Enquirer: 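Structure provided below as structure tokens; questions to follow.
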There are 2 protein chains.
Amino acid sequence: MEQSKRSITIRDVAKKSGVSVSTVSRVLNGKVDVAKTTKNHVLKIIDELGYSTNLAARSMRSQKKNLIGLIMPDIAYPYAIEIMKGVNQAIAESEFDLLVYTSGDVRKRGHVTSEQKYITLLAKSISDGVIVVAPVASEYNIDKPIVSIDPVMSNPTYPSVHATNYEGSTEAMEYLIGLGHQRIGFIGGRVELESANQRLAGYRNALEKAGIPIDEQLIVSGDYTTKTGIEGGQRLLLLEDRPSAIFASNDQMAMGVYQIAEKLDLQIPGDFSLVGFDNIPESKYLGLTTVDQFISEMGYAATQMLIRIINEVPEENQTLKIRTQLVVRNSCRPYGEKKN
Amino acid sequence: MEQSKRSITIRDVAKKSGVSVSTVSRVLNGKVDVAKTTKNHVLKIIDELGYSTNLAARSMRSQKKNLIGLIMPDIAYPYAIEIMKGVNQAIAESEFDLLVYTSGDVRKRGHVTSEQKYITLLAKSISDGVIVVAPVASEYNIDKPIVSIDPVMSNPTYPSVHATNYEGSTEAMEYLIGLGHQRIGFIGGRVELESANQRLAGYRNALEKAGIPIDEQLIVSGDYTTKTGIEGGQRLLLLEDRPSAIFASNDQMAMGVYQIAEKLDLQIPGDFSLVGFDNIPESKYLGLTTVDQFISEMGYAATQMLIRIINEVPEENQTLKIRTQLVVRNSCRPYGEKKN
DNA sequence: TTGAAAGCGCTAACAG
DNA sequence: CTGTTAGCGCTTTCAA
């Protein structure tokens, strides 16, 4: 791609105002040791030329950028959006601006291994610190603070915000068991995810504690998408001995189960009960019983944590846990009622 | 903020592998003219050192960055999210990555005038082109392609994607008028927004065309938030001579009207009809009749447009119009039915 | 108060 | 195939 007109640089400004580049730089950075006359003149030229700093160049030289990077594999799914809402709020309250980086699709990054590196890089080059969502790498040799949300490792070496996946899952199961359910289906996430394993662990332990034998047939796995929720739900609901309840380990999948139940003409509750996890707005409208994951809280907390670290330079290698909470909502329409 | 350990640079890699920096650079950029042995060796060192490119530096030298910038005033409201979904999808299908820039809150940028400049700047420095959502400035002296979505100006000098606000608004009004309504309330957006004015124009013209006198009392203004929807709705619904229908010029505000209607114990439809604009997912669950604005389509289209411009370097100063469409949905629950 | 000059980390000719 | 040499646009000493 050819660029006909070159950007106007600090040099152009210097030339036109008849001063040196260093002087212009000083004006630009509000240094005190510039004569008022010179300053005003340069400012005028800057305005005339419509000059604006090249951040890339600047950030190569100076330290503080007032910029925080948020790195996400994908930006369009509900979980990501909730995180961003939280981060966004913390950013709005701060003196920092936000740069969200994404490759648009989880799958795209799989190809190039260096992608991971590349991504981190970018943020590190031009920001004061980064927030990484669900990172897979455990090591980031970065010279900037980094806070992660829901990392794959349960004990990363950098500060992180974790959801209480295990506790939440346990709570959800206790709720269902309390309702009298004995056969409870589980739809899990990908095994690479720490969160998925913890949720599954909560499922297993709750059953064990209740003295209910575990039927491996009732455990199916998905990948936190509605699609796999539909598949998993179908598989469970078409079993000879259908479970009387399903615990979908995230809301997206719960919505999938919801859809397939409609198609199979099954009532919720009635034919079976359904509980989701990771409350997202849509599920509210479907009246799903859900474990509230305070997703946006995590974004908010992580951002504040990062800002504190940036500003106060402490060795804050802490871990923050955001509690889950079982929220039982009334449905906005009777479960299973047909749309027409 | 002190940075104790310096980042490892291409120089460190070069030194440790006993080659020159240029060779390392070649390896990094996948040039062909590097001996396989050297290449592997360098790669190994890179890995050992955990080196990663400093993008700021790189982008200063080379042209193509495979990075597109998206500039948004705020990132957390539904409209923004829909746009991002569209952009995200186009990005996922492309060879580009995405960098979303935001200051987190519309209000924050108001303060500094240079903010606008600063923002644009950033994207321009490190990306191949930018997409700007609802820009207020008409001029961006930028040397990179820029595509805007829903700009304030109706005829900006750069490529842009517009919604057919006027047409959509007209359609919505014709729908309501077709239902027999004579007194139709309107809740508008901020007058600075071109979109708001066009929607209002659609409202006025449709009434005029139908020979219905315009009652200025029925026109209230908001700012596209649920809050002002509530206020506007309240104002309209508490009028002596209540309108029989309300056209809220975006869905957020329609949801506000919906809420206040519930509080006032009014049925929709029954006591009055309600039409929204800019379909967002939530409204679907509330069963709102809505003018579908294909918000995410706009993001998608803008991104594709930008990519085409970047790759093919045409003087594509076109304007693209995304059509609105009136979507009448069945309610997911009978209007006005009480939640309990 | 200002300018000259030295780099930041990187890529891109140009020689070898 | 590889090293040397220039810079990219900016900030920052160090002198003047």
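Chain naming here is simple, since letters A, B, ... match the order of the sequence lines and numbering starts at 1 in each. Quick caveat, the model's predicted, so the values are computed rather than measured.
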Enquirer: According to a strict under-4.0 Å criterion, is A:Ser20 in side-chain N/O contact with OP1 or OP2 of C:dT2?
Expert: no
Enquirer: For B:Leu28 and for A:Val34, locate the closest nucleotide of DNA chain C by heavy-atom distance; then report the residue assigned to the nucleotide nearer the 5' terminus.
Expert: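 Its nucleotide being nearer the 5' end, the pick is A:Val34.
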Enquirer: If you only use heavy atoms from C-beta on, which nucleotide in D:dT12, C:dA13, C:dG9 is closest to the side chain of B:Arg26?
Expert: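 Nucleotide nearest to B:Arg26's side chain: C:dA13.
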Enquirer: Of the nucleotides D:dT11, D:dG3, C:dT11, which one has an atom closest to the side chain of B:Ile10?
Expert: C:dT11
Enquirer: If I take atom CD1 in residue B:Ile8 and atom C1' in nucleotide C:dC8, what distance separates them, rounded to the nearest angstrom?
Expert: 16 Å
Enquirer: Against A:Val133, only a single residue in A:Ile71, A:Ile83, A:Val87 fulfils side chain to side chain contact (heavy atoms under 4.5 Å, CB included); can you say which?
Expert: A:Ile83
Enquirer: Consider the side chain of B:Ser22, meaning its heavy atoms from C-beta on, and name the nucleotide among D:dC10, C:dT11, D:dG3 that approaches it most closely.
Expert: D:dG3
Enquirer: Distance check needed: D:dT2 P versus B:His41 NE2, whole Å only.
Expert: 12 Å
Enquirer: Which of these nucleotides, C:dC10, D:dT2, C:dT2, is closest to any side-chain atom of B:Thr38?
Expert: D:dT2
Enquirer: To the nearest Å, how far apart are B:Arg11 CZ and D:dT5 P?
Expert: 14 Å
Enquirer: If you measure from CZ on A:Arg190 to OG1 on A:Thr225, what distance do you get to the nearest 0.5 Å?
Expert: 9.5 Å
Enquirer: It should be established whether B:Ser25 places a side-chain nitrogen or oxygen under 4.0 Å from OP1 or OP2 of nucleotide C:dT11.
Expert: yes
Enquirer: Nearest whole angstrom, please: distance from the C1' of D:dT2 to the NZ of B:Lys39.
Expert: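 Checked: the NZ to C1' distance equals 15 Å.
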Enquirer: Pick from B:Lys85, B:Glu93, B:Gln89: which one makes a side-chain hydrogen bond (donor to acceptor under 3.5 Å, both in side chains) with B:Tyr300?
Expert: B:Glu93
Enquirer: My understanding is that only one of B:Val27, B:Val24, B:Ile45 makes a side chain to side chain contact (heavy atoms under 4.5 Å, CB included) with B:Val19; could you say which?
Expert: B:Val24
